[in-house]
Amino acid sequence: MEYTLNCNGKLLELTTPQVMGILNATPDSFYAGGACSTRPDSEPATEAEEMERLRLALAVVRREAPQAVVSVDTYRPDVARMVVEEFGADIINDVGAPVNASANSLQAMFRMVSRLGVPYVYMSRKATMTDILLDCAEAVDTLRSMGQKDIVLDPGFGFGKTLEQNYAAVRELERMQMLRLPLLVGVSRKSMIWRLFATTPAEALNGTTVLHTVALMKGAAILRVHDVREAVETIKLVSYVF
């Protein structure tokens, strides 16, 4: 399906899948050291620490690559407001509040991104594809009722799922097309790959590329990756063949 995202007045075409390169700004990451780590078992940075790290990183990005489409990972509404208002961040990628967070925090994020008017990536922490679909459908209904226009869905690989459930979600990934929204897949060097082979994140590039290929064949519109060149080549090859 053909999708576009309105990123601060610039239309990002998703007819050809796009690569979202990860730029880490935290020492607490499972691979190569974001402003607040998204590892499921990590200790979240405070809001003040997250803002400080993002201000440093985004100042560099905006200076060195002013035309870049910038997506910021956060689950905090005030952080989302800061990066959009101060640095013109184009996309908010909600990496999911901690499991002990209240439902009100998610509603607050929904209200914030709807007010800011930027594309929003909603990630599900549900374990099975049926529950992921129900969760995403409910979130989309709520966001639409608040006026949110551009929504991207992320099945949340590595979040709230066992190893077997992660791979079951991969096998059923094409079911997410029924929601008729662009799909973001983030499997890059995650434990669902390297634990399967009893290796490390540093040795998970080959497995990452295989899963990227499968995800593209099942309809992924955005790949969130550590290894940009390899992902771009994967998209080119898959697009050329199919």
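- I22 and L56 end up in different hydrophobic clusters when Ile, Leu, Val, Met, Phe, Trp and Tyr side chains are linked at under 4.5 Å.
- One finds the CG atom of L205 at 15.5 Å from the CH2 atom of W194 (value rounded to the nearest 0.5 Å).
- More than 12 heavy atoms of other residues, nucleotides or ligands shown are found within 6.0 angstrom of NZ on K10.
- Atom CG of L14 and atom CG of L11 lie 10.0 Å apart (nearest 0.5 Å).
- For the pair V121/I151, no side-chain contact is recorded, criterion being any heavy-atom separation below 4.5 Å from C-beta on.
- In this structure, V225 is not a member of the same hydrophobic cluster as V210, with clusters built from ILVMFWY side-chain heavy atoms closer than 4.5 Å.
- A donor-acceptor pair is defined here as one N or O able to donate and one able to accept, closer than 3.5 Å; such a pair exists between the side chain of K190 and the backbone of G186.
- Applying the side chain to side chain contact (heavy atoms under 4.5 Å, CB included) test between D94 and each of V72, L106, D73 identifies L106 as the sole match.
- You'll find the side chain of T4 stays beyond 4.5 Å of the side chain of L12, heavy atoms only.
- The side-chain heavy atoms of Q165 and T162, taken from C-beta on, include a pair separated by under 4.5 Å.
- Two residues are said to be in side-chain contact when any heavy atoms from C-beta on lie closer than 4.5 Å; I235 and L216 meet this criterion.
- Contacts of Y167 classified as side chain to side chain contact (heavy atoms under 4.5 Å, CB included), with partners at least two apart in sequence or in another chain: L163, R171, M192, I193, L196, L211.
- The two atoms that bring F87 and A59 nearest to each other are CE2-N, 3.7 Å, heavy atoms only.
- Legend: residues meeting side-chain hydrogen bond (donor to acceptor under 3.5 Å, both in side chains) with E230, ordered by chain and number and at least two apart, are absent.
- Taking both residues in full, the closest heavy atoms of M20 and L184 are given as CE-CD1, 3.6 Å, listed atom of the first, atom of the second, then distance.
- Nearest heavy-atom pair, A220 versus P17, reported as atom, atom and distance to 0.1 Å: O-CG, 3.7 Å.
- Annotation for L5 and P119: closest pair CB-CG, 4.1 Å, computed over non-hydrogen atoms.
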side-chain contact (heavy atoms from CB on, under 4.5 Å) between M51 and D78, worked out: CA-CA 9 Å; M51 286 186 176; D78 285 339; 3.9 Å; yes
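- Annotation: salt bridge (charged side-chain N to carboxylate O under 4.0 Å, His left out) contacts involving residues 107-116, sequence neighbours excluded, comprise E85-R115.
- By the neighbour-count criterion of 12 heavy atoms within 6.0 Å, atom CD of E13 is densely surrounded, having more than that number from other residues, nucleotides or ligands.
- The salt bridge (charged side-chain N to carboxylate O under 4.0 Å, His left out) check on E86 picks up R55, with sequence neighbours excluded.
- For E233, the side chain to side chain contact (heavy atoms under 4.5 Å, CB included) criterion is met by R229, not counting sequence neighbours.
- Among residue pairs with one or both ends in residues 147-161, none qualify as side-chain hydrogen bond (donor to acceptor under 3.5 Å, both in side chains); sequence neighbours excluded.
- For R189 (side chain) and A202 (main-chain N/O), a donor-acceptor pair under 3.5 Å exists by modelled atom type.
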Verdict with supporting geometry, S71 and N93, side chain to side chain donor-acceptor pair (under 3.5 Å): CA-CA 6 Å; S71 170; N93 181 25; 4.9 Å; no
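- In terms of heavy-atom proximity, P155 sits nearest to F157 at CG-CE1, 3.5 Å.
- The shortest distance between side-chain heavy atoms of I91 and C7 falls below 4.5 Å.
- With sequence neighbours excluded, the residues forming a side chain to side chain contact (heavy atoms under 4.5 Å, CB included) with A80 are T74, I92, M109, M112, L116, listed by chain and number.
- Using a 4.5 Å heavy-atom cutoff, the side chains of R175 and M178 are in contact.
- Residues E2 and T15 have side chains in contact (heavy-atom distance under 4.5 Å, counting atoms from C-beta outward).
- Q177 contributes atom CD, which lies 10.5 Å from atom CG of L133 (distance to the nearest 0.5 angstrom).
- Contact record, C136 with S124: SG-CB, 4.1 Å, taken as the closest heavy-atom pair.
- One hydrophobic cluster holds both M217 and V185 under the rule that ILVMFWY side chains link at heavy-atom gaps under 4.5 Å.
- N166 is linked by a side-chain hydrogen bond (donor to acceptor under 3.5 Å, both in side chains) to nothing, counting only residues two or more places apart in sequence or in another chain.
- Identified under the side-chain hydrogen bond (donor to acceptor under 3.5 Å, both in side chains) test for residues 203-223, with sequence neighbours left out: E174-K218, T200-E203.
- From L153, atom CG reaches atom OH of Y122 across 9.0 Å, with rounding to the nearest 0.5 Å.
- Atoms OH and CE, from Y120 and M146 in turn, are 10.0 Å apart once rounded to the nearest 0.5 Å.
- E50 places no side-chain N or O within 3.5 Å of a backbone atom of E47 that could act as its donor or acceptor partner.
- Using modelled atom types, no side-chain atom of R224 and backbone atom of V19 make a donor-acceptor pair closer than 3.5 Å.
- The backbone N or O of T46 lies less than 3.5 Å from a partner atom in the side chain of E49, making a donor-acceptor pair.
- Judged by distance alone, the side chain of R62 and the main-chain N or O of G88 form a donor-acceptor pair under 3.5 Å.
- When atom types are taken as modelled, the side chain of S188 and the backbone of H226 share a donor-acceptor pair closer than 3.5 angstrom.
- With sequence neighbours excluded, no residue forms a salt bridge (charged side-chain N to carboxylate O under 4.0 Å, His left out) with R144.
- Under the side chain to side chain contact (heavy atoms under 4.5 Å, CB included) criterion, L134 pairs with T130, D131, not counting sequence neighbours.
- At distances below 3.5 Å, not a single donor-acceptor pair connects side-chain atoms of T199 with backbone N or O atoms of R195.
- D90 contributes a side-chain N or O that, together with a main-chain N or O of V70, makes up a donor-acceptor pair within less than 3.5 Å.
- The salt bridge (charged side-chain N to carboxylate O under 4.0 Å, His left out) search around E52 returns none, not counting sequence neighbours.
- Counting only heavy atoms from C-beta outward, the side chains of L58 and V60 never approach each other to under 4.5 Å.
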